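To keep things clear, I will list the structure first and then write my remarks on it.
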Amino acid sequence: MSIQTLIEQATIPPSGSVSSQPFDADSFNEAVMSTYARFPLALERGAGCRVWDTQGREYLDFVAGIATCTLGHAHPAMVEAVTRQIQKLHHVSNLYYIPEQGELAQWIIQHSCADRVFFCNSGAEANEAAIKLARKYAHTVLDIEKPIIITANASFHGRTLATITATGQPKYQKYFDPLVPGFHYVPYNDISAVEAAISELDEGDYRVAAILIEPLQGEGGVRPGDVAYFQKLRQICDETGILLIFDEVQVGMGRSGKLWGYEHLGVEPDIFTSAKGLGGGIPIGAMMSKKFCDVFQPGEHASTFGGNPFACGVALAVCQTLERENILQNVEARGEQLRNGLQAIAAKYPNYITDVRGWGLINGLELQADIQLTAADIVKVAIDEGVLLVPAGPKVVRFVPPLIVTKAEVDAALEAVEKAIATVTK
Ligand SMILES: *Cc1c(COP(=O)(O)O)cnc(C)c1O
């Protein structure tokens, strides 16, 4: 079945189904903690790459739940898998074997360098699992009393205490100290900084046990990793026994045009994590290991919901659809179309736009540092033009549509973005 047919089959909202009451944001804000600065928009339904707000207005969704809705909204394969799993069995404990979990793990192993998988519910939890595994590996295999994990400046690894500590951005850590000990930050794509850190941190009981890094920094501004840098990291880790851990939470599961971000870099990690796109929007996280599969013993790490039949059955359907429909080909073609279009726009606004970059369908448009205009300004005006976008830091507008986005939808988004930029630069 073609992507187009799949989208046409997806549920289109019947006309007249729009809520009669306008959405009451004040009541919402009185009930829900203000952890987000929300755009004045309440979304109600979706189909393919389009979503509708409570007023019935249609938007092209180039956010996809932040790089999450791999197959867009109301995709028939997901509707089928969700319905089947909820009718059959949705949750049991990991005290028992869960066939769907085994099948999903096998799919991941067949389609990556992984030898073993641990399931949880989110990206932060997957990274927590990787941090715990690295620490146990350090104590039991490398014989390090006080293991240190190196991470990169401008990285993003999640919002739990350990993962905000791993995240090399002070704005996420402010007010939450004391932070978890044992992390050290280096500039991204700078090999001499890593080498210096490894030798400086080798003192007393302290030693570097792992490097946790994104193949492409997502939240930090859509910055792809350098091939030479990552190959050198691999070499250093091979020589020292330091674990190389890739955070593939945002870039993995096909978003980059390859199934895993590391395929762009010509190196394989020892451990990698996935979440966002893995369940196509159903909460699931995973940590994969190559070689170091038996570090955890029963009882040493766990998750009540992790790997339940519902999440795994749906994620498996997402994975199989990605493969069966050859969606990675679409990601490459649409990504190139999008970057070409954004570059053409950038060429018209050289005083405002400094760079267009990305892999597959994770792309960023960077604004000049020394002007007032922010990514959020563009995102706000783009909403009026009917396109949803998300900033990646103050100066980068991020484009992460569903991987099934069509040629016509990319063209429509480009047109709307150009109008938005014309408006904000007037
Ligand atoms: C989003 C993200 C996380 C955190 O995932 P959650 O599911 O929000 O916990 C971790 N790492 C990267 C690279 C991410 O983009």
Side-chain angles (χ1 to χ4, degrees), residues 123-124 126-174 176-217 219-220 223 225-249 261-262 265 267-273 287 289-292 295-296 300-301:
N127 289 332
E128 284 273 348
I131 292 164
K132 282 179 72 177
L133 190 151
R135 283 190 171 187
K136 186 177 175 197
Y137 167 82
H139 290 302
T140 57
V141 180
L142 300 180
D143 199 22
I144 304 176
E145 192 70 29
K146 296 195 166 145
I148 293 172
I149 298 175
I150 290 181
T151 66
N153 293 341
S155 58
F156 185 82
H157 300 295
R159 299 292 200 142
T160 61
L161 266 178
T163 57
I164 56 165
T165 310
T167 294
Q169 299 194 58
K171 69 174 178 184
Y172 293 112
Q173 301 168 341
K174 199 179 165 199
F176 300 119
D177 51 317
L179 297 174
V180 176
F183 289 90
H184 181 86
Y185 314 98
V186 294
Y188 191 64
N189 280 337
D190 178 348
I191 201 67
S192 56
V194 174
E195 288 168 334
I198 291 171
S199 63
E200 279 162 28
L201 294 168
D202 188 356
E203 203 188 302
D205 293 337
Y206 289 95
R207 236 166 79 206
V208 173
I211 298 168
L212 166 61
I213 194 158
E214 295 158 271
L216 170 152
Q217 291 190 321
E219 302 299 314
R223 282 172 216 291
D226 282 349
V227 172
Y229 173 73
F230 273 80
Q231 293 189 342
K232 193 74 208 252
L233 284 184
R234 180 68 273 173
Q235 191 191 329
I236 291 170
C237 290
D238 286 340
E239 286 164 7
T240 55
I242 292 172
L243 277 188
L244 188 55
I245 307 172
F246 287 171
D247 181 340
E248 293 260 3
V249 169
Y262 66 73
L265 301 169
V267 292
E268 290 179 348
D270 300 312
I271 308 284
F272 65 105
T273 55
M287 173 188 62
S289 79
K290 189 186 171 200
K291 293 190 293 194
F292 309 97
V295 174
F296 285 145
E300 289 180 341
H301 196 51

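As the structure is a prediction and not an experimental result, all values here were calculated from the model.
Under the 3.5 Å distance criterion, the side-chain polar atoms of Q169 are matched with a main-chain donor or acceptor of S155. Checked by atom type and distance alone, the side chain of T151 pairs as donor or acceptor with a backbone atom of A166 at under 3.5 Å. Checking side-chain atoms of D247 against main-chain N and O of V249 turns up a donor-acceptor pair under 3.5 Å. The backbone N or O of E214 lies less than 3.5 Å from a partner atom in the side chain of Y188, making a donor-acceptor pair. For R234 (side chain) and E268 (main-chain N/O), a donor-acceptor pair under 3.5 Å exists by modelled atom type. Side-chain atoms of N127 come within 3.5 Å of backbone atoms of H157 as a donor-acceptor pair (strictly under, hydrogens ignored). Side-chain N or O atoms of N189 include none that pairs as donor or acceptor with a backbone N or O of G225 at under 3.5 Å. Side chain of E300 to main chain of L133: no donor-acceptor pair is present (N/O by atom type, distance under 3.5 Å, no hydrogens or angles).
Counting all heavy atoms, side chain and backbone alike, I198 lies closest to I236 at CD1-CG2, 3.6 Å. Closest non-hydrogen pair, A134 versus L243, comes out as CA-CD1, 3.8 Å. Closest of all the heavy-atom pairs between C237 and I242 is CB-O, 3.1 Å. Contact between V186 and A197 at its shortest, heavy atoms only, is CG1-CB, 3.9 Å. The minimum heavy-atom distance between R159 and A124, with the atom names listed, is N-CB, 4.0 Å. Shortest non-hydrogen contact noted between Y137 and V295 is N-CG1, 4.0 Å.
Contact check for K290 versus P269: no side-chain heavy atoms found under the 4.5 Å cut-off. Between T167 and Y185 the shortest side-chain heavy-atom distance does not fall below 4.5 Å. When side chains are defined from C-beta on, F230 counts as touching I213, because their heavy atoms get closer than 4.5 Å. Residues I191 and L233 are in side-chain contact: their nearest non-hydrogen atoms beyond the backbone lie under 4.5 Å apart.
Considering CG of L161 and CD of E128, their distance stands at 8.0 Å, rounded to 0.5 Å. Summarising the geometry, atom CD1 belonging to I131 is positioned 6.5 Å from atom OG1 belonging to T160; distances are rounded to the nearest 0.5 Å. Distance CD1/I271 to CZ/F246: 11.5 Å, rounded to 0.5 Å. Atom-to-atom distance recorded for R223:CZ and L216:CG is 10.0 Å, nearest 0.5 angstrom. In this structure, CG in L179 is found 5.0 Å from CD in Q173, a value given to the nearest 0.5 Å.
The 12-atom threshold is not exceeded at CD of E203, counting heavy atoms of other residues, nucleotides or ligands nearer than 6.0 Å. The environment of OH in Y206 is sparse: at most 12 heavy-atom neighbours from other residues, nucleotides or ligands sit within 6.0 Å.
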Give every donor-acceptor pair under 3.5 Å between a side-chain atom in residues 138-150 and any protein atom, sequence neighbours left out.
residue : atom : partner : partner atom : Å
H139    : ND1  : I144    : O            : 3.0
T140    : OG1  : K136    : O            : 2.7

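A donor and an acceptor atom, one from each side chain of Q235 and Q231, are nowhere located under 3.5 Å apart.
A salt bridge is defined here as a Lys NZ or Arg NE, NH1 or NH2 lying under 4.0 Å from an Asp or Glu carboxylate O, and D190 with K232 fails to meet this definition.
In this structure F296 satisfies the ring pair (Phe, Tyr, Trp, His ring centres under 6.0 Å) test together with H301, sequence neighbours excluded. Remark: F156 pairs with Y172 by the ring pair (Phe, Tyr, Trp, His ring centres under 6.0 Å) rule, at least two apart or across chains.
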